[in-house]
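Note that the coordinates shown come from a computational prediction; the quantities given were computed from them, not determined experimentally. Hydrogens, waters and symmetry mates are skipped; everything else that's a heavy atom, side chains included, is used.
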2 protein chains.
Amino acid sequence: MARVSKKPEVRRKEIIDAALSLFSEKGYEQTAVSDIVKKLGVAQGTFYYHFKTKGEIIAAIVDSLVIEKVDKARELANGGGTAKEKLAIFLRGSGTREAEPMMLGFLHHANNAFIHQKVLVQVVQQSVPYVMKILEQGAEEGTFTIRHLQETAEYILTGIHFMFDPGIFEWPEDALTHKRSAFMQIIERMLGDSFAFVPFV
Amino acid sequence: MARVSKKPEVRRKEIIDAALSLFSEKGYEQTAVSDIVKKLGVAQGTFYYHFKTKGEIIAAIVDSLVIEKVDKARELANGGGTAKEKLAIFLRGSGTREAEPMMLGFLHHANNAFIHQKVLVQVVQQSVPYVMKILEQGAEEGTFTIRHLQETAEYILTGIHFMFDPGIFEWPEDALTHKRSAFMQIIERMLGDSFAFVPFV
DNA sequence: TTTAACTGACTGACAGTCAGTCATTATAGT
DNA sequence: ACTATAATGACTGACTGTCAGTCAGTTAAA
């Protein structure tokens, strides 16, 4: 075969892209390394020159997904607006078809559940500081009163990322809108948002 | 080989038990069907006489785990005590070493993440009615005031089962006690528990 | 000339198959 | 009641196809 040498970074990216596309179609388990290299027109050894195992390619994909999602949380926390607005945006943008670059089909394939879970746990844990920042801002603005800052942030993130992820809980499409607004209200009360809820004492 | 015929229910149970024990040691992926039948001293065909695929044995295991956990929620909901007490018991009993029969080692093996997830989702969804019942009781007792009954139950269950499951989030042992009590307080406020929290208005 | 990227045939392990075996149980003939 | 015979269904184990991972050797580029 006509042999082409490329810089490792370039080849790695090619391999990752091809893998991602196949994982989206067939799922991780159902995609053979031989499928990936066939799609690229390289030998199987090439794959193993750049990646130690088939699983290692997942680590690479997971990392890039996590970074992307956590970045959004950071930007939101550091951007402008009231805490309440930021939180609403955060909720609105979760569990939707958009937001994902092209990984959507890949992550939500039933066979990739465990990768999905890894991503979510990482995203939740790494986003905690940014949500805490938003909550602190809300406290300063007088909108929120919070006792357990970190745990509250963790719990909100868990709700957003696990409950509203279409790959975990598969809520019917029409129930989602209602669920999301209910969730927003529940969280507002959790945050002691005095403008959102007056207890009936 | 000396051939022994047994009733399918008996054989199935034998196979499930052997599989469970091996999954605990080595994980699901790392256990070959040939390992399972070797342990039992039967032929490989016997396995495939009783189960269509290797994966099917998981469905059987998952089902029995789910039933067991959901049963506990139902008993709690139908038993005696105030709603607040019941909720406390529910929180206390989650994410601990005990409570599990022998599946512990099996579910928390890193290689079984996806089975674990299936169990959790099923448990959450099937427990919702029982937690709702507890919340309704709390409303009647005047302890709780709740707007979105179902969503609140879903969110509480998600918190309990995902956040506090040692196989998903791996919190350090000493942080757990504090986290659990913080979680209880967050939930009490979420439920508008007027005896637990007075907003600083 | 050296080195780093690449090759592709090969290996071992595994999930799943299948044609056939044997123990058990039901039925019929005496 | 007491066998012979048939039918059933649990069980066998050698076999197949597929796949992750290996490695000794090849070639393009620096």
Side-chain angles (χ1 to χ4, degrees), chain A residues 1-62 106 109-115, chain B residues 1-62 106 109-115:
Chain A
M1 254 283 150
R3 189 184 275 243
V4 189
S5 267
K6 303 193 177 180
K7 285 190 179 172
E9 343 144 25
V10 176
R11 254 293 127 80
R12 275 181 67 96
K13 195 182 180 317
E14 279 182 8
I15 294 172
I16 288 174
D17 287 347
L20 211 44
S21 140
L22 287 167
F23 291 170
S24 305
E25 279 173 42
K26 315 200 288 179
Y28 171 73
E29 300 284 359
Q30 284 58 48
T31 301
V33 171
S34 61
D35 295 333
I36 300 172
V37 298
K38 211 175 291 162
K39 178 157 188 164
L40 275 172
V42 299
Q44 188 144 353
T46 305
F47 180 96
Y48 286 97
Y49 181 78
H50 296 283
F51 298 92
K52 245 174 85 81
T53 66
K54 188 189 175 190
E56 194 172 281
I57 206 172
I58 287 189
I61 292 173
V62 165
F106 159 63
H109 202 290
N111 300 322
N112 298 328
F114 79 106
I115 312 173
Chain B
M1 253 281 151
R3 187 185 276 243
V4 188
S5 268
K6 304 194 178 178
K7 285 190 178 170
E9 344 144 25
V10 176
R11 254 294 127 78
R12 274 181 68 95
K13 196 185 179 316
E14 279 182 9
I15 294 173
I16 288 174
D17 287 346
L20 210 45
S21 139
L22 287 167
F23 292 170
S24 305
E25 281 173 40
K26 314 199 289 180
Y28 171 73
E29 299 285 358
Q30 283 58 48
T31 301
V33 172
S34 61
D35 294 335
I36 300 171
V37 297
K38 211 176 291 161
K39 178 157 190 166
L40 275 173
V42 299
Q44 188 145 355
T46 305
F47 180 95
Y48 286 98
Y49 181 77
H50 294 283
F51 298 93
K52 245 175 84 84
T53 66
K54 188 189 176 192
E56 194 172 281
I57 207 172
I58 287 188
I61 293 172
V62 165
F106 160 63
H109 202 290
N111 300 323
N112 298 329
F114 78 108
I115 311 175

Task: B:P8 or A:A32, whichever maps to the more 5' nucleotide of DNA chain D - done: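 Result of the comparison: B:P8.
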
Whole angstrom value for the distance that separates [atom2] of [N] from [atom1] of [X]:
X     : N      : atom1 : atom2 : value
A:I15 : D:dA20 : CD1   : P     : 14 Å
A:Y28 : D:dC19 : OH    : P     : 13 Å
B:R11 : D:dT12 : CZ    : P     : 7 Å
B:K7  : D:dT8  : NZ    : C1'   : 16 Å
A:K38 : C:dC6  : NZ    : P     : 20 Å
B:K6  : C:dC22 : NZ    : C1'   : 17 Å
B:E29 : D:dA20 : CD    : C1'   : 13 Å
B:H50 : C:dG16 : NE2   : P     : 16 Å

Open item on the list: Any salt bridge linking A:D17 with A:K13? Criterion: basic side-chain nitrogen under 4.0 Å from a carboxylate oxygen.
Closed with: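 Salt bridge flag = yes for A:K13 with A:D17.
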
Listing, residues 50-58 of chain A side-chain donor-acceptor contacts under 3.5 Å, not counting sequence neighbours, or none:
{"from": "A:T53", "atom 1": "OG1", "to": "A:G55", "atom 2": "N", "distance (Å)": "3.2"}
{"from": "A:T53", "atom 1": "OG1", "to": "A:E56", "atom 2": "N", "distance (Å)": "3.1"}
{"from": "A:K54", "atom 1": "NZ", "to": "A:Y28", "atom 2": "O", "distance (Å)": "3.1"}
{"from": "A:K54", "atom 1": "NZ", "to": "A:T31", "atom 2": "O", "distance (Å)": "2.8"}
{"from": "A:E56", "atom 1": "OE2", "to": "A:K52", "atom 2": "N", "distance (Å)": "3.2"}

- [ ] At under 4.0 Å between heavy atoms, which parts of nucleotides 21-30 of chain D does protein reach? Answer with one letter per nucleotide, 5' to 3': B base, S sugar-phosphate only, - none.
- [x] BB--BBSS--

Open item on the list: How long is the straight-line distance from NZ of B:K38 back to CG of B:L22, given to the nearest 0.5 Å?
Closed with: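 Rounded to the nearest 0.5 Å, the CG-NZ separation comes to 10.5 Å.
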
Open item on the list: Within the structure provided, determine whether A:L40 and A:F47 are in side-chain contact (heavy-atom separation under 4.5 Å).
Closed with: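 No - every pair of side-chain heavy atoms lies 4.5 Å or more apart.
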
Task: A:I16 side chain near A:I61 side chain, heavy-atom distance below 4.5 Å - done: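 Contact flag for A:I16/A:I61 side chains = yes.
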
TODO: Would you please name every residue forming a side chain to side chain donor-acceptor pair (under 3.5 Å) with A:E14, sequence neighbours left out?
DONE: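 A:K6, A:R11.
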
